[in-house]
Novice: 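Structure provided below as C-alpha cells; questions to follow.
Excluded from the calculations below are hydrogen atoms, water molecules and symmetry mates; all remaining heavy atoms, backbone and side chain alike, are included. Nothing fancy with the numbering, it's 1 onward along the sequence.
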Amino acid sequence: MDEIDRNILRELQRDGRLTNQELAQRVGLTPSPCLRRVRQLEQDGVIRGYRAVLDPHAVGRGFEVLVSVEVRRDRETVEAFEAALQELPDVVEAYRLFGSPGCLLRIAVADIDTYERLWIERITALPGVTEVNSQIVMKRIKEPRGLPVEGRPAAPGRAAD
C-alpha cells in the first residue's frame with residue numbers, strides 16, 4: 001500500500017459517497033486508475049464495506065449503555081454466549097476482552113425502561129453470564145471517524161510505525 005492508497009482510504013472514510021471522479025481529483029489521479037485502486041482495496045479486504053452514519057435519536061435509539069459482562073470461561077459457554085449475542089439487535093457492538101470484564105457491549109435502545117426489560121429478559125439470561133454491570137452513556141464526546149491511515153501496515157501482532 002502506498003501513499004495514494006492511504007489517501008484514498010482517508011478520503012473514503014471521510015465521505016464514502018464520493019463519486020470516483022471526485023475521489024480521483026482529491027487524491028491526484030485520473031478516474032480510471034483511481035477506480036482500479038479502490039476495487040483492489042475492496043478485493044484485498046482493506047475496504048470491508050460502506051455505511052451510512054445514523055442519528056441514534058432519529059431512529060429511536062438515543063439511549064446508549066456500555067455493559068460489561070462476565071461469562072464462564074469454558075469454550076462451549078463462550079461460543080454459546082457469542083452466538084446468542086448475534087440474535088440481539090440492540091447490542092450494536094460487542095468485544096471479547098482479555099482479563100476482566102470478559103466482554104464489553106454497546107447497547108442502543110429507546111430509553112431506560114426498554115434497557116431494563118432487555119437487561120432482565122435477555123442480557124442476564126444469556127448463556128454463562130455470571131455478572132452484568134451497566135454504565136449509562138451521558139454524552140458521546142468523540143464519534144467514530146474511521147481508522148488512522150499512516151505509514152506502512154504493521155505485521156500481524158505488531159504496532160505500525
Novice: If you define the side chain from C-beta out and look only at heavy atoms, does anything of L9 sit under 4.5 Å from M1?
Specialist: yes
Novice: To the nearest 0.5 Å, how far apart are CD1 in I107 and CZ in F63?
Specialist: 10.5 Å
Novice: Starting at OG1 of T114, measure out to CZ of R61 and round the result to the nearest 0.5 Å.
Specialist: 8.5 Å
Novice: Who pairs with I4 by side-chain contact (heavy atoms from CB on, under 4.5 Å), at least two apart in sequence or on another chain?
Specialist: D2, I8, L29, R37
Novice: If you draw a 6.0 Å radius around CD in E70, do more than 12 non-hydrogen atoms from other residues or ligands fall strictly inside?
Specialist: yes
Novice: Taking side chain as C-beta onward, heavy atoms only, is S134 less than 4.5 Å from W119?
Specialist: yes
Novice: Taking salt bridge (Lys or Arg N to Asp or Glu O under 4.0 Å) as the test, write out the residues that go with E76, two or more places apart.
Specialist: none
Novice: Can you measure from CG (L104) to OH (Y95) and round to the nearest 0.5 angstrom?
Specialist: 8.0 Å
Novice: R6 and E150: which non-hydrogen atoms are nearest, and at how many Å?
Specialist: CD-C, 3.8 Å
Novice: So, N7 and E11: side-chain donor and acceptor under 3.5 Å apart, yes or no?
Specialist: no
Novice: Give me the atom names and distance for the closest heavy-atom approach of A94 to L105.
Specialist: CB-CD2, 3.6 Å
Novice: Please name the pair of heavy atoms, one in P31 and one in Q21, separated by the smallest distance, quoted to 0.1 Å.
Specialist: CG-OE1, 3.3 Å
Novice: On a heavy-atom basis, which atom in V91 and which in L85 lie closest, and how many Å separate them?
Specialist: CG2-CD2, 4.3 Å
Novice: Quick check against the 3.5 Å criterion: does T124 have a side-chain atom that pairs as donor or acceptor with the backbone of I120?
Specialist: yes
Novice: Could you go step by step and tell me if E3 and R10 meet the salt bridge (charged side-chain N to carboxylate O under 4.0 Å, His left out) rule?
Specialist: CA-CA 10 Å; E3 190 59 30; R10 283 184 202 99; 3.2 Å; yes
Novice: Under 4.0 Å between a Lys/Arg side-chain N and an Asp/Glu carboxylate O for E42 and R39?
Specialist: no
Novice: Under the salt bridge (Lys or Arg N to Asp or Glu O under 4.0 Å) rule, collect the residues that match up with E131, sequence neighbours excluded.
Specialist: none
Novice: Test of understanding: with side-chain contact (heavy atoms from CB on, under 4.5 Å), list the residues that count as partners of R75, not counting sequence neighbours.
Specialist: E79
Novice: Which heavy atom of C34 sits nearest to which heavy atom of N20, and what is that distance?
Specialist: SG-OD1, 3.6 Å
Novice: Stepwise, does the side-chain contact (heavy atoms from CB on, under 4.5 Å) test hold for L118 with I123?
Specialist: CA-CA 6 Å; L118 177 70; I123 303 295; 4.0 Å; yes
Novice: Is there a path of hydrophobic side-chain contacts, each under 4.5 Å between heavy atoms, that joins V27 and Y50?
Specialist: yes
Novice: Distance from L18 atom CG to D15 atom CG, nearest 0.5 Å?
Specialist: 4.0 Å
Novice: Using a cut-off of 6.0 Å, state whether more than 12 heavy atoms not belonging to Q135 lie near its atom CD.
Specialist: no
Novice: My understanding is that only one of K139, R145, R140 makes a salt bridge (Lys or Arg N to Asp or Glu O under 4.0 Å) with E143; could you say which?
Specialist: R140
Novice: List in chain and number order the residues that pass side-chain contact (heavy atoms from CB on, under 4.5 Å) with P33, two or more places apart in sequence or in another chain; answer none if no residue qualifies.
Specialist: T30, R36
Novice: V92 and L97: same hydrophobic cluster, using ILVMFWY side-chain contacts below 4.5 Å?
Specialist: no
Novice: Would you mind reporting whether E82 and R96 have side-chain heavy atoms less than 4.5 Å apart?
Specialist: yes
Novice: If you measure from CZ on R72 to OG1 on T130, what distance do you get to the nearest 0.5 Å?
Specialist: 8.0 Å
Novice: Same cluster for V149 and V46 if Ile/Leu/Val/Met/Phe/Trp/Tyr side chains link at under 4.5 Å?
Specialist: yes
Novice: What residues form a side-chain contact (heavy atoms from CB on, under 4.5 Å) with V137, not counting sequence neighbours?
Specialist: E64, L66
Novice: When rounded to the nearest 0.5 angstrom, what distance separates CG in L88 from CG in L126?
Specialist: 5.5 Å
Novice: Does any part of the side chain of N133, heavy atoms only, come nearer than 4.5 Å to the side chain of V67, both counted from C-beta?
Specialist: no
Novice: Salt-bridge test for R122 and D90: reply yes if a basic N is under 4.0 Å from a carboxylate O, no otherwise.
Specialist: no
Novice: If you measure from the Lys or Arg side-chain nitrogens to the Asp or Glu carboxylate oxygens, is any gap between E22 and R17 under 4.0 Å?
Specialist: no
